[in-house]
Amino acid sequence: MKVGIVGAGMVGSTAGYALALMGLASEIVLIDRNDALAVAQAEDIAHAVPFMSSTVVNAGQYRDLEGAGVVILAAGVSQKPGETRLELLERNAAVFRAVLAEVLPVVPDAILLIASNPVDIMTQITTRLSGIDPSRVIGSGTILDTARFRSLVGRHLGISPQSVHAYVLGEHGDSEVLAWTSARAGSVPLSSFAAQVGSPLTDEVRAQIDDGVRNAAYKIIKGKGSTYYGIGAGLARIVKAIASDQRDVLSVSITTSEVAGVRDVALSIPRVIGADGVLADLFPDLDDEEYAALNRSASLLKERADAIPL
Ligand SMILES: NC(=O)C1=CN([C@@H]2O[C@H](COP(=O)(O)OP(=O)(O)OC[C@H]3O[C@@H](n4cnc5c(N)ncnc54)[C@H](O)[C@@H]3O)[C@@H](O)[C@H]2O)C=CC1
Ligand SMILES: CC(=O)C(=O)O
């Protein structure tokens, strides 16, 4: 599958690097308003290819997206230390209006994969502006937060993150919801597994993991300016599910008719992903507190998305 990437900064280029190393795309085209950057990133990634795959990596113009099955949108501004994702909204909405006007005429049938923040609202804006079916406008949403959650739980229990089945729901941002109630290790409820291996999930441990997930981006941005390895791999993982029609269950964001009592809102819940985009939505079992938190997250996103003029 040919994959286009608009925005060849840290996130777009790292996604391209992950896709190329994993051999998930036959061809990658990198586009940026800074042409020289796109050319340099494409050349650098292309030099990694002979070690791992046969992906053809080029920089290009919007017309070169023709034939792409997926276009990753990673253009725009990113957070400065201490800045929230929501504070980027107006600036990145303007970037997306310009980018979509170029992308849509060339690839009206491509699946759009949104990375730019605030990713849920950018996903909702893209769905509205494009008129594409919501199942084909996919935000990376909490795929990264879910990875962070699984990583920290796995470390606490002494097991691989792949054996932790747990999701972060709602906003990819400050109001996100760690779904503890439905979490499993192997097929065993998390608290039971934790007790059996002698590593109980006390309130203190849960609070530490919650903080580690919710505030990961702030800590990384303070330390090195931006985050990109995690999301680069997450975007490649979503492309893999689409390119191979894998029907994987991943927590991603699409505009959804109703979640936790809120209508027409883009946020993350686990969803089945295959060649046609999102094929099904899955609503995990939540306790009252988690449901109320998901309702708050959904309401906040809906209010902010509705306030953005198109
Ligand atoms: N969804 C997620 O989990 C994550 C999302 N992000 C978000 O991804 C976005 C990109 O972050 P970085 O790559 O670190 O930023 P960056 O500044 O390194 O790259 C952004 C690129 O977008 C380009 N750009 C800006 N306006 C453009 C336009 N109109 N047309 C074409 N290209 C344009 C810039 O020239 C720049 O190269 C940010 O919004 C950031 O917050 C970052 C990490 C994780
Ligand atoms: C920057 C961002 O959204 C993240 O690393 O979660």
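These numbers come from a predicted model, not from an experiment. Remember, it's 1-based here, ligands and their atoms both numbered in the order they're listed.
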Main-chain N/O of [Y] paired with [X] side-chain donor or acceptor, under 3.5 Å:
X: Arg150; Y: Ala166; value: yes
X: Arg263; Y: Val259; value: no
X: Ser253; Y: Leu267; value: yes
X: Glu43; Y: Ala40; value: no
X: Glu171; Y: Glu176; value: no
X: Gln124; Y: Ala266; value: yes
X: Ser299; Y: Asn295; value: yes
X: Thr55; Y: Ala25; value: yes

Practice item. Ignoring hydrogens, just give me the one of Gly230, Ala38, Ser78 whose non-hydrogen atom is nearest atom 15 (O) of ligand 1. Key: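 Among Gly230, Ala38, Ser78, the closest heavy atom to atom 15 (O) of ligand 1 comes from Ser78.
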Check your understanding: With respect to atom 35 (O) of ligand 1, which of Val103, Asn34, Leu30, Asp32 exhibits the smallest heavy-atom separation?
Key ->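 Closest candidate by heavy-atom distance is Asp32.
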For ligand 1, note which part of [X] has a heavy atom under 4.0 Å away: side chain, backbone, both or neither.
X: His172; result: side chain
X: Ile31; result: neither
X: Thr227; result: both
X: Val11; result: both
X: Phe96; result: neither

How far is [atom] from the closest protein heavy atom, and which atom is that?
atom: atom 29 (N) of ligand 1; answer: Val95 CG1, 3.8 Å
atom: atom 27 (C) of ligand 1; answer: Arg33 CD, 3.8 Å
atom: atom 33 (C) of ligand 1; answer: Ala75 CB, 3.6 Å
atom: atom 19 (O) of ligand 1; answer: Gly9 CA, 3.2 Å
atom: atom 30 (N) of ligand 1; answer: Val99 CG2, 3.6 Å
atom: atom 10 (C) of ligand 1; answer: Ala74 O, 3.4 Å
atom: atom 6 (N) of ligand 1; answer: Asn117 ND2, 3.4 Å

Distance filter under 4.0 Å to [X] heavy atoms, resulting ligand 1 atoms:
X: Ile231; value: 1 (N), 2 (C), 3 (O), 4 (C), 43 (C), 44 (C)
X: Leu144; value: 3 (O)
X: Leu37; value: 37 (O)
X: Asn92; value: 39 (O)
X: Tyr62; value: 30 (N), 31 (C)
X: Ala115; value: 1 (N), 2 (C), 4 (C), 5 (C), 6 (N), 7 (C), 8 (O)
X: Leu88; value: 41 (O)

Looking only at distances, can you tell me whether any N or O atom of [X], backbone or side chain, sits closer than 3.5 Å to an N or O atom of ligand 1?
X: Val77; result: yes
X: Gln79; result: no
X: Met10; result: yes
X: Gly76; result: yes
X: Ser140; result: yes
X: Ser116; result: no
X: Gly141; result: no

Review point. For the salt bridge (charged side-chain N to carboxylate O under 4.0 Å, His left out) test, which of Lys240, Arg237, Arg271 pairs with Asp248?
Key: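 The single option meeting the salt bridge (charged side-chain N to carboxylate O under 4.0 Å, His left out) with Asp248 is Arg237.
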Exercise for review: Determine whether Ile114 and Val3 fall in the same hydrophobic cluster, where Ile, Leu, Val, Met, Phe, Trp and Tyr are linked whenever their side-chain heavy atoms lie under 4.5 Å apart.
Suggested key: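 Not linked; separate clusters.
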Review point. Do you reckon Met1 sits in the same ILVMFWY cluster as Leu73, going by side-chain contacts under 4.5 Å, direct or chained?
Key: no
Check your understanding: Under the salt bridge (Lys or Arg N to Asp or Glu O under 4.0 Å) test, which residues partner Arg206, sequence neighbours left out?
Key ->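 In terms of salt bridge (Lys or Arg N to Asp or Glu O under 4.0 Å), with neighbours along the sequence ignored, Arg206 is linked to no residue.
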Exercise for review: Not counting sequence neighbours, which residues clear salt bridge (Lys or Arg N to Asp or Glu O under 4.0 Å) with Asp32? List them please.
Suggested key: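 Listed in chain order: nothing, the list is empty.
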Exercise for review: Run the ring-centre check on Trp180 versus Tyr167 and record whether the distance is less than 6.0 Å.
Suggested key: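 No, the ring of Trp180 stays outside the 6.0 Å limit from the ring of Tyr167, centre to centre.
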Review point. Does the pair Arg128 and Asp264 meet the rule for a salt bridge (charged side-chain N to carboxylate O under 4.0 Å, His left out), with working shown?
Key: CA-CA 11 Å; Arg128 283 198 222 142; Asp264 298 322; over 6 Å; no
Study note, to complete from the structure: Apart from Val56 itself, members of its ILVMFWY cluster (side-chain separation under 4.5 Å) are none
Review point. Only one of Asp120, Asp145, Thr146, Thr142 forms a side-chain hydrogen bond (donor to acceptor under 3.5 Å, both in side chains) with His172, so which one is it?
Key: Asp145
**Study point:** Between CG on residue Asp281 and CD1 on residue Ile269, distance to nearest 0.5 Å
**Key:** 4.5 Å
Exercise for review: Hey, could you give me the CG/OG distance between Leu112 and Ser130, rounded to the nearest 0.5 Å?
Suggested key: 6.0 Å
Review point. List by chain and number: which residues place a heavy atom under 4.0 Å from ligand 2?
Key: Gln79, Arg85, Asn117, Leu144, Arg148, His172, Ala217, Thr227
Check your understanding: Which heavy-atom pair separates Ile31 from Gly60 by the least distance, and what is that distance?
Key ->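 Minimum heavy-atom separation between Ile31 and Gly60: CG1-O, 3.5 Å.
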Point to revise | Proximity flag Ala98 to ligand 1, non-hydrogen atoms under 4.0 Å | key: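 Not so, Ala98 does not reach ligand 1.
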